[in-house]
2 protein chains.
Amino acid sequence: MTETARLSWKDVRDAIHARILDSTYGPGDKLPKDQCLAEQLGCARTTVQRAMRDLSDSGIVERRRKGGTHVRADPVTRATLDIPITRKEVEQKGAVYGYQLVNLGSLEAPLAVRTKFELSGPTTMLHVEALHLADHRPYIFEDRWVSIDTVPEIADVDLSVESANEWLVRNRPYSRCDLRFYAIKASKRHARLLDIAPDEALFVMERTTWIGTKPITTVKAVTTPGYQLLTEI
Amino acid sequence: MTETARLSWKDVRDAIHARILDSTYGPGDKLPKDQCLAEQLGCARTTVQRAMRDLSDSGIVERRRKGGTHVRADPVTRATLDIPITRKEVEQKGAVYGYQLVNLGSLEAPLAVRTKFELSGPTTMLHVEALHLADHRPYIFEDRWVSIDTVPEIADVDLSVESANEWLVRNRPYSRCDLRFYAIKASKRHARLLDIAPDEALFVMERTTWIGTKPITTVKAVTTPGYQLLTEI
DNA sequence: TGACATAATATGTGCATACATAATAATCAA
DNA sequence: TTGATTATTATGTATGCACATATTATGTCA
């Protein structure tokens with residue numbers, strides 16, 4: 001009944017977060033310095049530091065050397081997205097995964113692709129179009145360009161059997177990844193491939209990856225109507 | 001020329017990451033234990049721990065007590081999304097921000113809303129529809145429900161002047177937030193409000209927030225054609 | 001006054017150490 | 001063989017301390 005267990009950094013984080021939530025410290029306010037909070041709460045400064053890093057990662061506070069710690073004045077909604085391999089995603093839902101190569105060829109990358117990769121000159125790339133199926137129905141149509149320079153081994157992969165999505169993600173780790181999400185109206189070709197009505201609204205996920213400064217792949221994943229992307233809870 | 005500067009945890013992280021990238025350790029492989037890596041690299045275990053936590057947060061490795069550290073067998077694309085206040089987003093683009101209240105009323109929350117909040121009984125909530133403008137053109141249409149129980153002060157806010165988006169985010173921090181993204185076909189009402197053609201494909205962001213277990217607000221932000229959501233670089 | 005060097009300061013990092021915790025492996029009883 | 005108990009082990013956490021680094025505040029000189 002005298003001393004309870006020592007404080008964990010999560011306790012400290014929650015204590016500080018609670019003070020922000022109950023407006024003890026409002027948006028833009030400066031928080032006491034680590035050392036001070038450590039004394040107030042009865043722990044080491046290292047523990048406060050650990051807690052603060054978490055709050056900072058979550059976008060709740062901002063820290064600057066010498067400047068101190070402030071509650072973010074313009075809060076942002078910060079979330080972490082996990083995009084799994086499509087096969088895993090389908091299996092996760094309890095559906096049967098299927099894969100179907102639609103089109104494959106080595107050709108000049110269009111300007112849009114070169115722009116994504118920040119390439120200037122003309123470049124030949126591998127173009128792969130494929131369907132991912134869930135329970136034998138179209139699920140996602142992927143339109144992919146792969147850098148032959150960076151990933152020459154892709155030529156030896158039988159893309160009619162194994163999806164480029166899976167092979168690349170397993171064999172070609174990346175060091176940089178850009179994502180973008182938007183909506184498009186289904187073209188006639190999309191409608192035919194995905195077996196839906198034309199003019200349907202489709203959710204699109206675009207992903208571009210590099211290893212160092214060298215481009216690996218860029219893929220446009222066109223989902224079927226009803227598809228939703230959720231954040232982790 | 002004997003001893004260089006001591007290793008930073010970022011150096012250690014990059015060294016380990018490099019070994020994963022060059023397939024010294026492939027997907028699913030077990031990594032040496034922290035202590036061992038610390039000796040190999042010439043630093044304290046704490047430093048390896050710090051590096052490993054970062055790799056773990058990035059989804060590159062998985063760690064389990066006693067089980068050790070493994071390179072993720074099923075890599076996921078993990079990214080952090082920042083969704084700012086809409087006004088800030090518009091101003092960031094160098095456009096003039098505008099706001100326009102479309103509809104306001106206190107009424108019975110529909111089932112879809114109650115489901116999102118995991119509420120069982122009938123509940124009266126504040127329903128707010130508003131337009132965010134960029135350079136005097138419609139930018140985002142927001143369809144929002146606010147819990148009057150949790151946020152009674154919302155009744156005193158003049159929502160014809162200040163957006164609920166901004167007031168809530170500044171005055172009502174949340175402890176939990178769910179996000180979902182998808183595409184819809186513009187209804188006639190959407191078309192009229194957003195000044196676009198009907199049947200256009202629109203990108204939608206839905207956000208639901210709680211404080212503890214108490215619901216705060218759920219909002220469906222319907223964007224105009226061409227809108228793209230990007231990850232941070 | 002303004003430019004530039006200098007001091008002060010809050011956060012960031014590295015390390016040694018001790019102990020906590022979770023998950024596995026080993027052990028032993030029934 | 002099975003099932004419960006116990007030991008082992010790799011990661012996780014807390015602490016004190018010293019020093020690094022970035023940034024602000026101060027002071028100095030032209």
Side-chain angles (χ1 to χ4, degrees), chain A residues 2-20 24-73 80, chain B residues 2-20 24-25 27-73 78 80:
Chain A
T2 47
E3 282 296 315
T4 67
R6 43 168 59 165
L7 285 175
S8 124
W9 67 267
K10 289 180 183 175
D11 297 332
V12 173
R13 177 198 59 189
D14 294 345
I16 298 168
H17 194 194
R19 291 188 188 179
I20 295 171
T24 302
Y25 306 115
D29 285 0
K30 182 169 185 169
L31 285 131
K33 64 175 98 166
D34 292 9
Q35 186 58 250
C36 178
L37 281 166
E39 282 159 22
Q40 278 180 35
L41 297 164
C43 66
R45 180 170 82 87
T46 320
T47 309
V48 174
Q49 159 81 21
R50 181 75 183 80
M52 284 300 199
R53 179 149 34 86
D54 199 61
L55 291 171
S56 177
D57 286 346
S58 309
I60 293 167
V61 304
E62 277 175 327
R63 314 194 86 203
R64 283 209 325 281
R65 275 168 158 141
K66 165 87 181 174
T69 307
H70 293 256
V71 180
R72 265 191 90 121
T80 302
Chain B
T2 51
E3 283 298 315
T4 67
R6 38 168 64 165
L7 284 174
S8 124
W9 67 267
K10 289 180 183 176
D11 298 331
V12 173
R13 176 197 60 189
D14 294 345
I16 298 168
H17 194 195
R19 292 187 189 183
I20 295 171
T24 303
Y25 305 116
D29 285 2
K30 183 170 184 169
L31 286 144
K33 62 174 96 166
D34 292 9
Q35 185 59 51
C36 178
L37 281 166
E39 283 159 21
Q40 276 181 38
L41 298 165
C43 66
R45 182 171 80 88
T46 320
T47 308
V48 174
Q49 159 80 25
R50 181 74 183 83
M52 284 299 197
R53 181 150 32 85
D54 199 60
L55 291 172
S56 177
D57 286 347
S58 310
I60 293 167
V61 304
E62 276 175 326
R63 314 193 88 204
R64 282 206 328 280
R65 275 167 155 140
K66 165 90 182 172
T69 306
H70 293 257
V71 180
R72 264 191 93 123
R78 182 168 294 175
T80 302

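Reminder, nothing fancy here: chain letters follow the sequence lines and each chain counts from 1. Values below: every heavy atom of this structure, side chains too, minus hydrogens, waters and symmetry copies.
- In this structure a side-chain-to-backbone donor-acceptor pair under 3.5 Å is present from B/Arg78 to B/Asp57.
- If you take CZ of A/Arg6 and P of C/dA20, they are 8 Å apart, rounded to a whole angstrom.
- Rounded to an integer number of Å, the gap from A/Glu39 CD to D/dG16 C1' is 14 Å.
- Contact annotation for A/Thr46: base contact, defined as any heavy-atom pair under 4.0 Å involving a base atom.
- One can place CG of A/Asp54 at 13 Å from P of C/dG12, the figure rounded to the nearest angstrom.
- Rounding to whole angstrom units, CZ of residue B/Arg63 and P of C/dA23 are separated by 14 Å.
- Between B/Ser8 and the phosphate of C/dG14, there is a side-chain N or O to OP1/OP2 separation shorter than 4.0 Å.
- Using a 4.5 Å cut-off on side-chain heavy atoms (C-beta onward), A/Arg50 and A/Arg53 make contact.
- The residue among B/Lys66 and A/Lys10 whose nearest nucleotide of DNA chain D lies closer to the 5′ end is B/Lys66.
- Counting atom types as modelled, B/Arg65 pairs a side-chain N or O with a base atom of C/dT21 as donor and acceptor under 3.5 Å.
- Between B/Thr69 and B/Leu37 the shortest side-chain heavy-atom distance does not fall below 4.5 Å.
- Listed by residue number, the members of residues 31-38 of chain A with any heavy atom below 4.0 angstrom from DNA chain C are A/Lys33, A/Asp34.
- B/Asp57 has its CG atom 13 Å from the C1' atom of D/dG12, to the nearest Å.
- Of the possible polar contacts, one joining the A/Asp11 side chain to the A/Ser8 backbone as a donor-acceptor pair under 3.5 Å is found.
- Along DNA chain D, the nucleotide closest to A/Arg45 and the one closest to A/Gly67 are compared, and the more 5′ of them pairs with A/Arg45.
- None of A/Lys10, A/Arg13, A/His17 except one satisfies the side chain to side chain donor-acceptor pair (under 3.5 Å) rule with A/Asp54; the exception is A/Arg13.
- Here B/Thr69 reaches the OP1 or OP2 of D/dT11: one of its side-chain N or O atoms lies under 4.0 Å away.
- Summarising the geometry, the separation between CD on A/Gln49 and C1' on C/dT9 is reported as 15 Å, rounded to the nearest angstrom.
- Rounded to an integer number of Å, the gap from CZ of A/Arg53 to P of C/dG14 is 11 Å.
- When side chains are defined from C-beta on, B/Leu7 does not count as touching B/Thr47, because their heavy atoms never get closer than 4.5 Å.
- With salt bridges taken as basic N to acidic carboxylate O contacts below 4.0 Å, none links B/Arg19 and B/Asp29.
- Atom P of nucleotide D/dT23 and atom CD of A/Glu62 are separated by 13 Å, given to the nearest angstrom.
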